[in-house]
Asker: 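Before I ask anything, let me first share the structure, which is written out below as structure tokens.
Throughout, residue positions are numbered sequentially from 1 according to the sequence presented. Order of listing sets the numbers, starting from 1, for every ligand and every atom in it.
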Amino acid sequence: NGAMDPEALRRRAVDALETARRRTTLLTSCVEEPELTAQHSPLMSPLVWDLAHIGNQEEQWLLRAVGGREAIRPEIDPLYDAFEHPRSERPSLPLLAPREARGYAAEVRGRALDVLAGASFDVEGGARLTRSGFAFGMIAQHEQQHDETMLITHQLRTGGAALTAPDPDPLTGPFSGPAEVLVPGGPFTMGTSAEPWALDNERPAHTRLVPPFHIDTTPVTNGSYLEFIADGGYRTPDWWSPAGWDMVRDHGLEAPLFWRRDAGGQWLRRRFGVTEVVPPDEPVLHVSWYEADAYARWAGRRLPTEEEWEKAARFDPATGRSTRYPWGDADPTPERANLGQRHLRPAPAGSYPLGESPLGVRQLIGDVWEWTSSDFLPYPGFAAYPYREYSEVFFGSDHKVLRGGSFAVDQVVCRGTFRNWDYPVRRQIFSGFRTARDAQARKDGS
Ligand code: AVJ
Ligand code: FE
């Protein structure tokens with residue numbers, strides 16, 4: 001959306017910051033104080049750390065870097081630097097107490113809105129940090145990313161439900177479309193140079209030649225995944241990569257995270273404090289890359305590469321152009337995608353016909369993050385901006401790319417070019433997947 005005018009971008013920035021803060025407030029006020037400072041899992045920070053870290057990042061970028069202001073509390077910077085202390089150590093730090101953390105984040109926000117009101121949102125020229133309101137968009141995206149992290153902490157915490165939300169609409173009938181879609185071979189434009197708030201790792205736009213392939217119309221469902229389990233998926237090393245099989249044996253894995261079998265053999269899952277029967281028509285959630293990879297091999301298929309995923313999500317065969325989203329260039333709406341924590345679960349596979357791609361692929365945006373086979377690597381022409389620690393230090397073979405966002409992702413931080421990454425063992429994230437296979441390339445390359 002490079003065509004937006006500065007005042008529209010300014011309104012968009014205010015709205016994105018306010019939307020993020022409403023969500024942060026919900027996630028940090030729906031449990032009692034002791035639960036904010038507790039460690040619900042060694043994998044996660046206490047919620048009160050995320051809250052003050054959100055404020056501290058906003059202070060560093062919007063007040064100091066953009067506004068040229070003096071630090072409010074410079075002594076707390078190291079406490080909230082994610083690289084100084086691993087998550088498991090954060091509960092023992094002298095963190096701001098919940099009331100102080102709330103006050104600090106609110107004080108920063110008040111001043112940040114002053115800076116925002118006086119900043120140039122011009123789309124050309126001026127300081128790069130504020131061009132098109134980039135820094136404000138970046139900070140709204142940062143807060144929403146930590147809101148998703150806090151939602152993961154909520155899912156890991158034990159005890160009764162603290163959050164509630166309406167369920168997505170059920171399907172009016174079983175999804176009857178084709179199981180897979182052929183994406184034609186040939187070049188397409190990957191990444192973006194036009195999206196004003198795209199982060200450094202999504203840039204620049206560049207051409208990729210992708211051989212033809214088939215991709216699942218919907219994410220893999222719990223029902224299909226249950227067939228893999230019933231067929232001995234977790235007991236058959238043939239389906240697993242060597243490191244994946246090590247993980248199965250070391251941790252005794254036999255199902256996605258948060259699943260257990262009742263006395264009668266029925267699979268149940270815990271979801272935000274509620275235990276329920278695993279719904280067969282919903283995309284599978286809380287699987288590691290290793291499990292997704294093993295399932296795909298069992299099914300005689302493979303995970304899509306990152307470029308295949310993006311071509312399926314953005315390539316319009318009628319024009320040859322790449323669009324911002326599968327449905328075109330318009331922003332997400334509740335009719336097109338399950339985003340923004342409006343629901344606390346993915347929608348049934350086959351939902352959101354208005355969100356499908358021109359080739360008919362559904363639910364690429366929202367519902368579940370989708371593992372791809374690809375390592376997290378820079379695009380040709382990548383330049384770290386505005387700080388190396390956002391993306392550059394994570395490039396390499398340690399992390400796999402996830403695409404498309406989940407029900408826990410806000411639309412400000414979700415688009416066809418957006419890249420997420422994590423370790424292949426990770427399961428507490430809102431991760432699922434779909435599968436793909438090669439298509440026979442014709443001699444003319446199409
Ligand atoms: C892009 C989701 C992997 O949460 O570690 C938050 C985003 N970076 N603060 C993360 C992020 C700095 C990041 N992920
Ligand atoms: Fe952060």
Side-chain angles (χ1 to χ4, degrees), residues 16-17 20-21 23-24 27-28 41 43-62 65 76-88 90 93 95 101 104-105 108 135 137-156 197-203 288-289 306 339 341 368-372 374-378 382 384-396 398-415 417-431:
L17 288 167
R21 189 52 51 91
R23 187 175 175 197
T24 302
L27 289 164
T28 55
S41 159
L43 297 168
M44 307 306 288
S45 314
L47 293 166
V48 75
W49 185 91
D50 287 283
L51 175 58
H53 168 80
I54 285 167
N56 188 245
Q57 283 288 111
E58 184 164 325
E59 189 195 346
Q60 292 195 40
W61 288 102
L62 301 188
I76 68 172
D77 286 357
L79 291 175
Y80 297 105
D81 179 337
F83 290 86
E84 292 237 0
H85 310 281
R87 286 177 173 178
S88 59
R90 292 175 192 166
L93 298 172
L95 301 177
Y104 169 65
V108 172
M138 175 183 82
I139 287 300
Q141 293 180 70
H142 180 261
E143 181 161 348
Q144 286 286 1
Q145 288 181 312
H146 279 275
D147 290 341
E148 183 180 9
T149 301
M150 288 194 280
L151 193 65
I152 294 169
T153 306
H154 272 274
Q155 168 61 12
L156 284 162
W197 296 351
L199 303 175
D200 59 1
N201 63 57
E202 301 165 69
R203 302 172 182 273
S288 62
W289 184 89
E306 182 181 15
L339 290 167
Q341 201 184 307
V368 293
W369 281 108
E370 298 182 21
W371 287 112
T372 72
S374 301
D375 293 342
F376 183 49
L377 295 172
F382 168 83
Y385 187 81
Y387 62 111
R388 285 189 65 244
E389 292 75 16
Y390 182 73
S391 312
E392 193 176 25
V393 300
F394 297 103
F395 288 142
D398 288 350
H399 297 92
K400 296 293 184 189
V401 172
L402 299 115
R403 287 302 203 100
S406 72
F407 65 87
V409 170
D410 184 82
Q411 67 183 66
V412 76
V413 65
C414 192
R415 47 196 165 259
T417 56
F418 191 87
R419 309 173 74 195
N420 195 4
W421 64 92
D422 219 320
Y423 294 115
V425 297
R426 209 58 109 194
R427 311 209 295 162
Q428 76 269 27
I429 58 177
F430 301 111
S431 51

Asker: Taking C-beta and beyond as the side chain, do T149 and W49 meet within less than 4.5 Å on heavy atoms?
Answerer: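 A side-chain contact under 4.5 Å is absent here.
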Asker: Which ligand 1 atoms are under 4.0 Å away from a heavy-atom of N420?
Answerer: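 That gives atoms 1 (C), 2 (C), 3 (C), 14 (N) of ligand 1.
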Asker: Hey, is K400 close enough to D375 for a salt bridge, meaning N to O under 4.0 Å?
Answerer: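 Salt bridge between K400 and D375, a charged N being under 4.0 Å from a carboxylate O: yes.
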Asker: Counting from 1, what ligand 1 atoms have a heavy atom of H146 closer than 4.0 Å?
Answerer: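 Those of ligand 1 that fall under 4.0 Å from H146 are 6 (C), 9 (N).
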Asker: Mark yes when over 12 heavy atoms from residues, nucleotides or ligands other than Y423 sit less than 6.0 Å from its OH; otherwise mark no.
Answerer: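 It does not: Y423 OH has 12 such atoms or fewer within range.
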Asker: Donor-acceptor pair, distance only, cut-off 3.5 Å: does the side chain of H85 make one with the backbone of R90?
Answerer: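 The answer is no, because no donor-acceptor pair under 3.5 Å joins these two groups.
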Asker: Quick one: pull up NE2 in H53 and CD in E58 and give me the separation to the nearest 0.5 Å.
Answerer: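 That separation rounds to 11.5 Å.
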Asker: Could you please tell me which protein N, O or S atoms lie under 2.8 Å from the Fe ion (ligand 2)?
Answerer: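 Short answer, with waters excluded from the count: H53 NE2, H142 NE2, H146 NE2.
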Asker: Under the side chain to side chain donor-acceptor pair (under 3.5 Å) test against H146, which residue among H142, Q144, E143 passes?
Answerer: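 Of H142, Q144, E143, side chain to side chain donor-acceptor pair (under 3.5 Å) with H146 is met by H142 alone.
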Asker: Mark up the atoms of ligand 1 that fall under 4.0 Å of a heavy atom belonging to W421, in ascending order.
Answerer: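 Within the 4.0 Å cut-off of W421, ligand 1 contributes 1 (C), 3 (C).
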Asker: About how many Å separate OG1 of T24 and CD1 of I54, when rounded to the nearest 0.5 Å?
Answerer: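 Answer rounded to 0.5 Å: 4.0 Å.
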Asker: Under 3.5 Å between some N or O of ligand 1 and some N or O of R87?
Answerer: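 Between R87 and ligand 1, no N or O pair is found under 3.5 Å apart.
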Asker: Whether the side chain of T372 engages the backbone of V401 through a donor-acceptor N/O pair (distance < 3.5 Å, no angle test) should be reported.
Answerer: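 Checked: pair present.
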Asker: Just which atoms of ligand 1 are under 4.0 Å from any heavy atom in H142?
Answerer: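 Selected atoms, number and element: 6 (C), 9 (N), 12 (C).
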Asker: So, does H399 use its side chain to make a donor-acceptor pair with the main chain of F394 at under 3.5 Å?
Answerer: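 Pair found, side chain donor or acceptor close to backbone of F394.
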Asker: Would you mind listing which atoms of ligand 1 come within a distance below 4.0 Å of any non-hydrogen atom of Y390?
Answerer: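 Once the distances to Y390 are compared, the set is 1 (C), 8 (N).
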Asker: Is there a donor-acceptor pair under 3.5 Å between the side chain of R427 and the backbone N or O of P424?
Answerer: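 Between the backbone of P424 and the side chain of R427 there is no qualifying donor-acceptor contact (under 3.5 Å).
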Asker: Under 4.0 Å from atom 13 (C) of ligand 1, is there at least one protein heavy atom?
Answerer: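 No; the ligand atom in question lacks any protein heavy-atom contact below 4.0 Å.
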Asker: Less than 4.0 angstrom from a charged side-chain N to a carboxylate O is my criterion; do R419 and E202 meet it?
Answerer: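 Salt bridge between R419 and E202, a charged N being under 4.0 Å from a carboxylate O: no.
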Asker: Scan the protein's non-hydrogen atoms and note whether one is under 4.0 Å from atom 2 (C) of ligand 1.
Answerer: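 Flag for atom 2 (C) of ligand 1 set to true, protein heavy atom closer than 4.0 Å.
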Asker: Going by a strict under-4.0 Å cutoff (protein heavy atoms only), does atom 5 (O) of ligand 1 have a neighbour on the protein?
Answerer: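 Within 4.0 Å: no protein heavy atom nearby.
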Asker: In the protein, what heavy atom is nearest to atom 7 (C) of ligand 1, and what distance, to one decimal place, separates them?
Answerer: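 Sorting protein heavy atoms by distance from atom 7 (C) of ligand 1 puts Q145 OE1, 3.3 Å first.
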